Number of protein chains: 2
Amino acid sequence: MKTLKIPEATIIRLSVYSRYLAQVDRQGVVTISSGQIAAGTGVSPAQVRKDLAYFGEFGTRGVGYSVKDLYWHLIKILGLNTIWSVVIIGAGNLGTALTMYGGFRERGFKVVGVFDNAPDKIGSYLNGLEIYPMERMKEVIDRDKAQIAIIAVPAEAAQAVADELAETEIKAILNFAPRVLNIPSHIELRNVDLSVNLEILTFNLASRRSLKTGK
Amino acid sequence: MKTLKIPEATIIRLSVYSRYLAQVDRQGVVTISSGQIAAGTGVSPAQVRKDLAYFGEFGTRGVGYSVKDLYWHLIKILGLNTIWSVVIIGAGNLGTALTMYGGFRERGFKVVGVFDNAPDKIGSYLNGLEIYPMERMKEVIDRDKAQIAIIAVPAEAAQAVADELAETEIKAILNFAPRVLNIPSHIELRNVDLSVNLEILTFNLASRRSLKTGK
DNA sequence: GAGCCTTTGTGAATATAATAATTAGCTTTC
DNA sequence: GAAAGCTAATTATTATATTCACAAAGGCTC
């Protein structure tokens with residue numbers, strides 16, 4: 001085992017490559033070169049080969065890569081060769097959208113529970129899944145062996161939810177609340193801040209503008 | 001003007017710092033040190049100071065930073081001291097959620113138009129905003145001087161939307177569709193792939209597991 | 001106001017990642 | 001079956017980002 005520090009940027013790209021491979025596979029392409037993958041995903045060919053090299057040798061020189069083979073290797077590497085059970089905490093706009101989002105299902109994620117504590121939401125259905133009160137979270141996580149939790153509650157409520165999750169068997173948390181969370185180190189944490197992404201754009205626009213006006 | 005290559009990671013952190021400062025400001029904190037900011041946002045104190053140093057000297061030695069002052073400096077740097085008009089393309093689950101999302105409004109983003117071409121959606125309202133057919137996109141962007149577009153359509157439709165946007169005055173695109181987009185270089189592009197974020201988690205879980213089992 | 005404490009700002013050192021250049025290996029062609 | 005042409009794998013180089021360590025500067029105490 002030589003999993004010696006894979007850059008996170010590499011993992012992100014592997015995920016993008018795998019999705020691109022699925023696409024060209026559907027189009028009937030059998031073999032593909034690093035250069036073609038690079039063109040299709042907006043990176044350099046050297047980068048593609050370097051990323052793959054962390055995990056083994058998947059291609060044949062002079063030929064390229066088998067689309068199907070490489071795809072499955074990447075799926076395996078990303079841990080997507082099994083179905084992951086996910087719970088979503090918060091059934092507001094974002095929580096609802098994430099629950100319904102087809103992109104997750106496509107990649108092997110199965111939402112097994114949605115929780116909220118707004119009385120008007122509890123009991124209604126999303127995608128055939130009943131919204132449960134927060135109190136039932138632990139029970140469902142336990143019953144369905146959910147390993148991943150998605151936090152989609154308002155910022156103020158996020159830490160309390162994280163504390164509750166810390167007492168369950170949850171292995172990883174994807175946090176959409178714009179708040180830094182404190183969680184025990186055995187739980188993987190990843191933050192997605194939707195506003196940050198817009199703000200990177202505005203920073204670029206703003207500084208480009210100030211460049212043009214010379215100040 | 002010496003805006004010589006600011007790392008993107010720095011911009012992301014500035015955005016996080018600013019949100020944290022808003023939070024402690026509401027709690028009445030007047031002065032704060034780099035160490036406290038670091039503790040509150042999960043980075044190192046040196047990193048905080050280095051990030052700020054790209055843009056000037058905002059603190060006083062021996063004391064720290066004025067919470068309010070630093071906050072406004074960051075808001076200005078991020079380009080958030082003005083209101084940005086945003087259009088959202090796609091009124092599916094994600095598009096709807098983003099339109100309703102309060103986090104954007106909080107940071108100075110104003111959604112001025114939502115577009116879709118599903119007949120059952122056109123004409124209905126989101127947050128007091130009527131969903132228009134795609135054909136009216138250019139007209140609205142022009143009328144409201146929208147500078148940012150958010151793509152929230154299925155992957156297959158994303159490139160066509162991008163092509164249409166390229167013919168407008170849009171300055172930046174935030175793309176939620178899991179597809180690499182081809183756009184002219186004068187438009188800023190940023191991709192947010194929700195599945196990728198889950199897959200980074202599963203990669204970590206999967207490789208951690210394989211570490212434990214020794215293979 | 002001298003000395004001590006604190007915290008910033010920064011240049012140097014370290015670590016990390018991306019790019020470029022090289023080597024190795026498979027295929028096809030004649 | 002040798003040579004030419006591709007393309008993967010690997011190594012070296014360059015660029016980028018983070019951490020470290022300390023000098024400079026403000027405030028506080030006595």
Side-chain angles (χ1 to χ4, degrees), chain A residues 2-18 20-21 24 29-74 77 196 200 203-204, chain B residues 2-17 20-21 24 29-71 73-74 77 196 200 203-204:
Chain A
K2 43 151 79 78
T3 315
L4 246 50
K5 265 287 148 216
I6 315 290
E8 184 171 292
T10 290
I11 308 305
I12 294 173
R13 285 188 298 262
L14 291 185
S15 172
V16 174
Y17 302 156
S18 77
Y20 179 68
L21 289 172
V24 297
V29 179
V30 174
T31 305
I32 198 168
S33 70
S34 60
Q36 289 171 297
I37 296 174
T41 59
V43 304
S44 73
Q47 184 78 77
V48 172
R49 294 197 297 273
K50 196 71 189 277
D51 286 337
L52 298 176
Y54 283 110
F55 301 95
E57 306 184 5
F58 306 118
T60 45
R61 304 177 185 208
V63 180
Y65 304 89
S66 153
V67 172
K68 275 192 206 302
D69 269 17
L70 185 55
Y71 174 74
W72 283 109
H73 271 121
L74 293 181
I77 291 166
V196 167
I200 294 166
F203 169 80
N204 287 328
Chain B
K2 43 151 79 78
T3 315
L4 247 48
K5 267 288 148 213
I6 314 290
E8 184 170 294
T10 291
I11 309 305
I12 294 173
R13 286 188 298 262
L14 291 184
S15 172
V16 175
Y17 302 157
Y20 179 67
L21 290 172
V24 298
V29 178
V30 173
T31 304
I32 198 168
S33 71
S34 59
Q36 290 171 297
I37 296 174
T41 59
V43 303
S44 73
Q47 185 78 79
V48 172
R49 294 198 298 273
K50 198 75 194 228
D51 286 337
L52 297 176
Y54 283 110
F55 300 95
E57 305 186 5
F58 305 118
T60 43
R61 302 178 185 209
V63 179
Y65 305 89
S66 152
V67 172
K68 274 192 207 302
D69 270 17
L70 186 55
Y71 173 75
H73 271 120
L74 294 181
I77 290 167
V196 166
I200 294 167
F203 168 80
N204 287 327

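Labels below follow one simple rule: chain letters A, B, ... track the order of the sequence lines, proteins then strands, and each chain is numbered from 1. Note that this is a predicted model, so its numbers are computed, not measured.
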Below 4.0 Å: OP1/OP2 of [N] and any side-chain N or O of [X]:
{"X": "Ser44(B)", "N": "dT19(D)", "answer": "yes"}
{"X": "Tyr65(A)", "N": "dA9(D)", "answer": "yes"}
{"X": "Arg61(A)", "N": "dT23(C)", "answer": "no"}

Has the side chain of [X] got a donor or acceptor atom that lies under 3.5 Å from a matching backbone atom of [Y]?
{"X": "Ser33(A)", "Y": "Gln36(A)", "answer": "yes"}
{"X": "Asp69(A)", "Y": "Tyr65(A)", "answer": "no"}
{"X": "Thr41(B)", "Y": "Ile37(B)", "answer": "yes"}

Distance check needed: [N] [atom2] versus [X] [atom1], whole Å only.
{"X": "Leu70(B)", "N": "dT7(C)", "atom1": "CG", "atom2": "P", "answer": "16 Å"}
{"X": "Asp69(B)", "N": "dT8(C)", "atom1": "CG", "atom2": "P", "answer": "14 Å"}
{"X": "Gln47(A)", "N": "dT16(C)", "atom1": "CD", "atom2": "C1'", "answer": "13 Å"}
{"X": "Glu57(A)", "N": "dG25(C)", "atom1": "CD", "atom2": "P", "answer": "9 Å"}
{"X": "Lys50(A)", "N": "dT10(D)", "atom1": "NZ", "atom2": "P", "answer": "11 Å"}
{"X": "Phe58(B)", "N": "dG26(D)", "atom1": "CZ", "atom2": "C1'", "answer": "19 Å"}
{"X": "Lys5(B)", "N": "dT16(D)", "atom1": "NZ", "atom2": "C1'", "answer": "10 Å"}
{"X": "Ile11(A)", "N": "dT16(C)", "atom1": "CD1", "atom2": "C1'", "answer": "15 Å"}

Margin query: Parallel, tilted or perpendicular: which one describes the rings of Phe203(B) and Phe55(A), with boundaries at 30° and 60°?
Written below: perpendicular
Looking at the side chain of [X], which of [options] is the nearest nucleotide?
{"X": "Ala53(A)", "options": "dT8(C), dA17(C), dT10(D)", "result": "dT10(D)"}
{"X": "Arg13(B)", "options": "dG27(D), dA9(D), dT18(D)", "result": "dT18(D)"}
{"X": "Val63(A)", "options": "dT19(C), dT27(C), dT10(C)", "result": "dT27(C)"}

Next item on the list: Would you mind classifying the nucleic acid contact of Thr10(A) as base, sugar-phosphate or nothing, using non-hydrogen atoms under 4.0 angstrom?
Entry: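 It contacts nothing in the nucleic acid.
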Item checked: Base dG9(C) to side chain Arg49(B), donor-acceptor N/O within 3.5 Å cut-off ->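 Yes, the side chain and the base share a sub-3.5 Å donor-acceptor pair.
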Next item on the list: By nearest nucleotide on DNA chain C, pick out whichever of Ala9(A) and Thr60(A) is the more 5' one.
Entry: Ala9(A)
Check: For Tyr54(A) and Thr10(A), which heavy atoms make the closest approach, and how far apart are they?
Finding: CE1-OG1, 3.7 Å
